[in-house]
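Notes follow once the structure below has been shown.
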Amino acid sequence: CLSCIMIRHRSDSVLLGPLASVRKPVSQPVIAAVRFMQVELPHHVRLIPQEIESAMRNAGIHANSLLEVRRMYNAVGIDVSKGKSTIAVLQPGGTVIRKPFDVSHTSQNLNELADYLGSLEGPSKIVMECTGRYHEPMLKVLYEAGLFVSVVNPHLIKNFGNNSLRKVKSDPADARKIARYTLDNWAELRQYSDMDDTRTQLKTLNSQFSFFMKQKVAAKANLIALLDNTYPGVNKLFDSPTREDGSKKWVDYAYSFWHVDCVRKIGLKTFTERYKAFCKKHHYIFQQDKPEKLFNASKELVAVFPKEKTYKLLIQQSIQQLNLASGHVERLRQEMNALASTLPEYNTVMGIYGVGKTYGPLLIAEIGNVSRFTHREALTAFAGVDPGVDESGQHKSKSNRASKVGSARLRKTLFQIMTTLLQNAPVDDPVYRFLDKKRAQGKPYYVYMTAGANKFLRIYYGKVKECLRNLEQAE
C-alpha cells in the first residue's frame with residue numbers, strides 16, 4: 001500500500017506523495033515525481049526507503065538529520081445498519097489503524113466510540129451513508145461530541161472503488177470502502193451542521209407527507225368507486241376548493257346524501273330544507289338555485305346498489321378514512337411550510353414562478369443544501385433529469401434517456417411544477433418559453449417535461465447559490 005508521509009528536516013516540512021514535488025527553499029533543488037514503495041509504517045519510523053533517501057540526498061537533505069515520519073490524518077468509515085454499525089479506521093496509503101469492529105447503538109457504546117475516535121492522533125474525519133433513519137443515533141452522538149462528521153449519498157459509495165473482479169459484500173468490507181472514500185475525498189467532505197438538522201426534519205416531514213398523500217389518493221379512489229354505484233358523478237357536482245383542514249364539499253355532501261334516493265325520493269321542498277341545513281352545519285354558502293339543480297340531476301342517474309344500511313356503512317367509513325388522511329396531509333403541509341420558512345433560501349425559492357406553499361417546501365426538502373453541489377450539473381444529476389452520455393469511438397448518440405438515478409419524489413415535484421407552468425402559460429417565464437418551444441417542435445411529452453425540469457433546476461441552483469453567497473458576505 002502506498003504511504004503518504006511527512007518528513008521534517010530542521011524547520012522545513014516536506015510532504016512526499018505519489019507523483020508529488022518536494023517543496024524546499026529556492027536555494028535547494030526540487031525533487032520531482034517521487035514514487036512510494038510499499039511499506040508498513042509504525043507510529044515513528046527512522047528507516048527511510050532507498051528511493052526516498054536517494055531523492056533526499058539529491059536535494060541536499062541528509063538522512064541522518066532529524067527525520068520524523070508521521071501519519072497525516074485518520075479516515076473513519078462507518079457502515080450503518082439497524083441497531084449496530086461497523087467502523088473501520090484507515091490512514092493515507094491504506095494503513096489500518098484498527099480492524100473493522102462492531103458497535104451497537106446504545107448510549108454507552110456510542111459514547112465510548114466517540115471518546116475513542118476523539119483520542120486518535122491527528123485530524124480525523126468520519127463518513128457514513130445516509131441510510132434512512134438508521135444512521136441518526138450514531139450521527140447525533142458523534143456530532144455532539146465535536147467530531148467532524150459527514151453524511152454522504154449511498155450512491156456515491158456504491159460507485160466508488162469497484163476495481164476488483166471479486167464481489168465482496170459484508171459490513172467490514174463496506175466500512176473499509178467508506179474509509180477509502182474518505183481518504184480520496186478528504187478535501188471535499190462537507191461537515192454536518194445544525195442547519196442540516198432542520199433540513200433533516202423537513203425531509204422527514206416530506207416523507208410522511210408523501211405517505212399520507214398516497215393514502216389519501218387511494219381512499220379517494222375507493223370512495224368514488226363505491227359512490228359510482230349509489231350516486232354516480234357526485235364528485236363532480238361541486239367545484240369548491242379544498243379547505244385548510246383538508247375537507248371538500250362534495251365529500252361532506254356525499255356523507256349526508258350517499259344515495260340518489262336520498263335526494264329524489266323525498267321531494268324538492270324537503271331536499272331543499274335538508275340541503276340548507278347541510279350548508280349551515282358545514283359552514284358552506286347556500287345558493288338558492290343549487291338544490292333544484294341537484295334534484296333534477298338525480299332523476300337521470302342510475303344506482304346499481306340499493307339503498308341499504310350495509311352500503312351506507314361502507315361509504316361513510318370510506319369518507320371518514322378520506323377525511324382523516326386529508327387532515328394529516330394538510331397539517332403536514334402547514335408544518336413543512338413553517339419549517340421551510342426558517343431556512344435562508346425560503347424567500348428566494350418562493351419567488352420562483354410555479355413554486356407555492358406546497359411545492360416550495362417539497363423542493364427545499366428533497367434538494368437540501370445547494371452548497372453541497374459543486375456545479376449545476378451535479379444538481380440535475382441528483383434529480384435524475386440529466387441526459388445520459390452514449391459515446392464510443394466514432395459513435396455519438398444525439399438523443400439519450402434521462403438517468404433517473406436520483407430522488408423520485410424530487411422528479412415528481414418538478415413535473416408538477418412543469419404542469420403548473422403549462423396550465424398558466426406565463427409568457428415572461430424562461431422555463432415556460434423553453435417548454436413551449438420544445439412542445440412546438442413536436443418533442444414527446446416526457447422529453448420536453450424532463451428538459452424543462454432540467455432548465456428549472458439550473459435556474460434554481462443559480463438563484464439559491466447567489467442568495468446563500470450574499471448571506472455569507474453579509475455575515
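Only heavy atoms go into these numbers, but all of them, side chains included; no hydrogens, no water, no symmetry mates. Residue numbers count from 1 along this sequence.
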In sequence, state the C-alpha distance, the side-chain angles, and the governing distance for Val431 and Met418, and then conclude on side-chain contact (heavy atoms from CB on, under 4.5 Å). CA-CA 8 Å; Val431 179; Met418 296 304 104; 3.9 Å; yes
Using the ring of each side chain (for Trp, its six-membered ring), is Phe271 parallel, tilted or perpendicular to Phe295, with breaks at 30° and 60°? tilted
Is the shortest side-chain N to carboxylate O distance from Asp436 to Arg439 below 4.0 Å? yes
Would you give the length of the straight line joining atom CZ of Arg409 to atom OG of Ser207, rounded to the nearest 0.5 angstrom? 4.5 Å
Does atom NZ (Lys84) have a neighbourhood of more than 12 heavy atoms from anything else shown, all under 6.0 Å? yes
Give the ring-plane orientation class for His282 versus Phe278, where under 30° counts as parallel, over 60° as perpendicular and anything between as tilted. tilted
Shortest non-hydrogen pair, Lys177 vs Phe160, comes out as CE-O, 2.7 Å
Under 6.0 Å between ring centres: does that hold for Tyr461 and Phe373? no
Counting heavy atoms not belonging to Lys465, are there more than 12 under 6.0 Å from its NZ? yes
Around Asp239, counting heavy atoms of other residues, nucleotides and ligands shown, do more than 12 lie under 6.0 Å from its CG? no
Within 45° of the six-membered ring axis of Phe212 and under 6.0 Å from that ring's centre, is NZ or CZ of Arg333 located there? no
More than 12 foreign heavy atoms under 6.0 Å from CD of Gln334: is that the case here? yes
Near Glu300 CD, under 6.0 Å, is it more than 12 heavy atoms from other residues, nucleotides or ligands? no
Looking at Phe148, does the NZ or CZ of Lys125 lie under 6.0 angstrom from its six-membered ring centre and within 45 degrees of the ring axis? yes
Tyr346 and Asn337, any side-chain heavy atoms less than 4.5 Å apart: yes
Carefully, step by step, assess Arg180 and Asp184 under the rule salt bridge (Lys or Arg N to Asp or Glu O under 4.0 Å). CA-CA 6 Å; Arg180 293 196 302 270; Asp184 283 10; over 6 Å; no
List for me each residue that meets side chain to side chain donor-acceptor pair (under 3.5 Å) alongside Asn235, sequence neighbours excluded, and say none if there are none. none
Donor + acceptor pair across side chains of Asp386, Thr380 (<3.5 Å): no
Looking at every heavy atom in both Thr230 and Pro232, which two are closest together, and how far apart are they? C-CD, 3.8 Å
Is it true that Lys140 and Glu136 have a side-chain N and a carboxylate O under 4.0 angstrom from each other? no
Side-chain ion pair, Arg199 and Glu345, N-O less than 4.0 Å: yes
Over 60° means perpendicular and under 30° means parallel, so tell me whether Phe415 and Tyr446 are parallel, tilted or perpendicular. tilted
